[in-house]
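Single-structure report; data block below.
Numbers restart at 1 for each chain; the letters A, B, ... are given by sequence-line order, proteins then strands.
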2 protein chains.
Amino acid sequence: MSATMKDLAKETGLGLATISSYFNGGNVREKNREKIEAAIKKLDFEINEVARGLKTNHTKLIGVVIPELEMIYCAQIITEVEDILRNYGYATIVCDCRSDVKREEEALDFHFHRRVDGLIIMPTSRSGEGLKRFIDHNKPVVVIDRKLPDVDCDCVLVDNEKAVKDGVSRLIKAKHQKIGLIAGPKDVYTSDERIKGYRRALEEHGLEVDETLISRGDYTIGGGAKAVASLLDSRPDMSALFVSNYEMTVGAMIELNERGVRIPEELAFIGYDNKEFAYASNPRLSIVAQPTKVIGKIVAQQMLERLGGDSKKPGGIWKLEAEYIEGKSI
Amino acid sequence: MSATMKDLAKETGLGLATISSYFNGGNVREKNREKIEAAIKKLDFEINEVARGLKTNHTKLIGVVIPELEMIYCAQIITEVEDILRNYGYATIVCDCRSDVKREEEALDFHFHRRVDGLIIMPTSRSGEGLKRFIDHNKPVVVIDRKLPDVDCDCVLVDNEKAVKDGVSRLIKAKHQKIGLIAGPKDVYTSDERIKGYRRALEEHGLEVDETLISRGDYTIGGGAKAVASLLDSRPDMSALFVSNYEMTVGAMIELNERGVRIPEELAFIGYDNKEFAYASNPRLSIVAQPTKVIGKIVAQQMLERLGGDSKKPGGIWKLEAEYIEGKSI
DNA sequence: CTGAAAGCGCTAACAA
DNA sequence: TTGTTAGCGCTTTCAG
C-alpha cells in the first residue's frame, strides 16, 4: 500500500532517522532535504499518523460530547470548533448523547477507549465524575455552558443570567410589567441561570415575580409552542414575552402567528439565538444571541493551548456576553 | 499509564498470544479465561486501538463529509449514522465543508491522511474524482443524495423528483392551477431533481409550466423568505405554493405570516422536511418529509456491511421514498 | 490450546 | 548532521 519511511530511506540512500527528523522539524542538510522531497513525491508518501501515534502516545483525536447535534446552538459551536482544530491536524469525533446521562457516560467511555488527546463537552449530567479520568490522565478537558464542581478544567460559559436580565430589563424599560417567560426544563444549568436573570431583572426594577407568568418548555419547537399557548390562555393580560432558547422561540412564533397575536402591538417579544431566524421574521425579532462563533473559537483555542503544553496550569473560566440584537418586536 | 497485554500476560502467567486471542474471539481454556478477566479488572486494562490499528491497518474511523452541519437534514442523518456506527466501535469524524468545493477537497485529503476505514459523503462537488483514491485503496464509500458518475460505490438517495411530483399533484388535485415553486440553487443535484418533479406533475396533468411561478432560493431561511416575497409580489394570483427544502420552508412561513397570508384559505402550502416544525405550525403544515432516520440507518448499515468484507461487489443504489404528511394547509 | 518471536511504521536515544 | 537500534502495544505465524 502506501510507502513508508523505510522506503524513503531506501530511495534516498539516507538513514531512517534522517527521514524522521525531516518530518519533525529537525535539521537536515539542504541537499538531502531536496532528495527527500523528491522521494516523497515519487513514492506518494504520506506519514502514517497511526504509527506515529503509537509511538508518541498521541492520537490527534479530540472527543466532543454534546446533548443534541440537532440543536442549532450545538451545531454552530461544533462547526467552528471542528474547523479550527482541523487546521491544526486534529480530528474531531462528535458524540450526540441525546440529552441522556447514560448515553453521555457511554460517550465518555468511548472517547476514553479511543484515547482521544482531549475532550470537549457540553454536559448533560450535573456531575463531573466522568471527566476526572481524562484529567487524571493529563488530557485537557474544556467544558461548555456549565461550571462543574470539583473538576479542574477550562470552562467556556455565556453569562446566561445577565443575558436574560438585560433582555427583560429592556422590556421593563419599554413600560411592560406583565412579562411572561418561556423557561427551559428543570435541572438544566442554562435554564436555571436564565430564570435567575428573569427574576433579577424584575427585582431590580422593583417588580414582583409572578410565578404564573413563567411557563416551562423543554427547549424544543413543540414544547415552546405549547408553553406559549398555555401562557396565552392563562394570562391574557400578559403584554410581553421572553423566550429563553432558540427552538422554543421558533415554536413561540408559530403559536403566536397561528393565534394572530400581533407583534409588537399586542405582545412585545424577545427571542433567543439565531440571527438568521430573527432577521427573517416579520417583524424582525429582537433577540438575545449567544456568540456561538466566539464560543467555538475560544473552546478550540483553549484546547490547542493545553495540547501544546500548558496542561498544568489551573483551569480558567471564560464568561462571554450574549449580544442583544434590536429588532422591531418591542 | 494504562496496562498492556504484556502486563496481563505477566499477571496471569500466560503467554502474550493467549491474551491476544482472548480478545479476538479465539479459543481460550475456561480457566485461563477467568484468570484473564480477573487480571483485566485488576489492572484496569483497556485494549489499545492505536496499536491494534497499526498492526491490522484499520483505524475504526469513518470519515464523513457534509455541506452544512447546521442544516437540520444533515444533522439528523449524521446523528443516526454516528449512533449506529458507534455501537459497532467505529468513531465518526465529521467535516463540514460549508458547501464549498475547495473545502470539500481538503476534507477528503484530511480523511485520507487520517486513514479512515470508510467514507460517507453528501457531495458538494459534482464530480467524484476525489473519491477514487478511497475506492482504489479499497475503502468503502457511501454517497448520500447524489449519484456520482464513474464512481463505483453505494448511493443512498431520496426520490426527489417523485417526492415533489406527488406533492404538487396533490395541489393540482385540490384544484390548484397556479402553483408556485420555491426552488433550490442552480447546479445542485437535489434542487434540479425537485424542479423536475414540479414540471412533471404539471405536465402529467396537462398543465403548462409557467416559469414565472418558479422562484429560486438558496436553501436558507432568509433566501426562502425572499423567494416567497418576490413570488407573492409578481404573481398575486398564485393559489398554492410548494417549498422545496426545510430552511426555505421556515423562511416562507415567516414571510407569509408577516404578510398575513392565510393558509390555506388564500394560499395552499406544502413545505419540506422536519415533522416537528410542521406539527408545531398553525395550521399544521402538509409537508414532504425525507426519511432522515432511514437514510442514516441504511448508510450506516451499508458501510458496516462493506467494512465487514463485502467490499468487492459493485455499488448499489437505494432510492427511498419521501413521506407525505398531511396537515391542514391545503 | 498456548508460547515464542517477528514485525506493523514511526520516534528517540545514542553513536558516529 | 546522519545512521543504528530499540521499542511503542498489538496481531499473527509457527512450533510445541
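For Leu8(A) and dG3(D), the CG to P distance is 13 Å, given to the nearest whole Å. Between Asn57(A) atom CG and dG7(D) atom C1' there is a gap of 13 Å when expressed in whole angstrom units. Rounding to whole angstrom units, CG of residue Leu54(A) and P of dA6(D) are separated by 18 Å. We find that CD1 of Ile36(A) is positioned 11 Å from C1' of dT1(D), with the value rounded to whole Å. Here dC10(C) presents its P atom at 17 Å from NE2 of His58(A), a figure rounded to the nearest Å.
For Arg133(A), the salt bridge (Lys or Arg N to Asp or Glu O under 4.0 Å) test picks out Asp109(A), with sequence neighbours left out. Applying the ring-ring contact (aromatic ring centres under 6.0 Å, His included) test to Phe134(A) and every residue at least two apart in sequence or in another chain returns Phe112(A). Residues that satisfy the salt bridge (Lys or Arg N to Asp or Glu O under 4.0 Å) test with Lys10(B), not counting sequence neighbours, are absent from this structure. Checked against ring-ring contact (aromatic ring centres under 6.0 Å, His included), Phe23(A) has the following partners two or more places apart in sequence or in another chain: Phe45(A). By the side-chain contact (heavy atoms from CB on, under 4.5 Å) test, Glu129(A) pairs with Ser127(A), Lys132(A), sequence neighbours left out. The side-chain contact (heavy atoms from CB on, under 4.5 Å) test applied to Thr292(A) returns Tyr73(A), Gln76(A), Ile77(A), not counting sequence neighbours.
Within 4.0 Å of Val28(A), counting heavy atoms only, lie sugar-phosphate atoms of the nucleic acid but no base atom.
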Protein N or O to nucleotides 10-14 of chain D N or O, pairs below 3.5 Å:
from, atom 1, to, atom 2, distance (Å)
dC10(D), OP1, Asn48(B), N, 3.1
dC10(D), OP2, Met5(B), N, 2.5
dT11(D), OP1, Arg52(B), NE, 2.4
dT11(D), OP1, Arg52(B), NH2, 3.1
dT11(D), OP2, Ser20(B), OG, 3.1

Polar atoms only, N or O, under 3.5 Å: list the protein pairs with nucleotides 14-16 of chain C and their distances.
none

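Residue pairs meeting the salt bridge (Lys or Arg N to Asp or Glu O under 4.0 Å) criterion with at least one member in residues 56-76 of chain B, sequence neighbours excluded, do not occur.
When atom types are taken as modelled, the side chain of Asp117(B) and the backbone of Ile62(B) share no donor-acceptor pair closer than 3.5 angstrom.
When each of dT1(D), dC8(C), dC8(D) is scored by its nearest atom to the side-chain atoms of Asn27(A), the top-ranked nucleotide is dT1(D).
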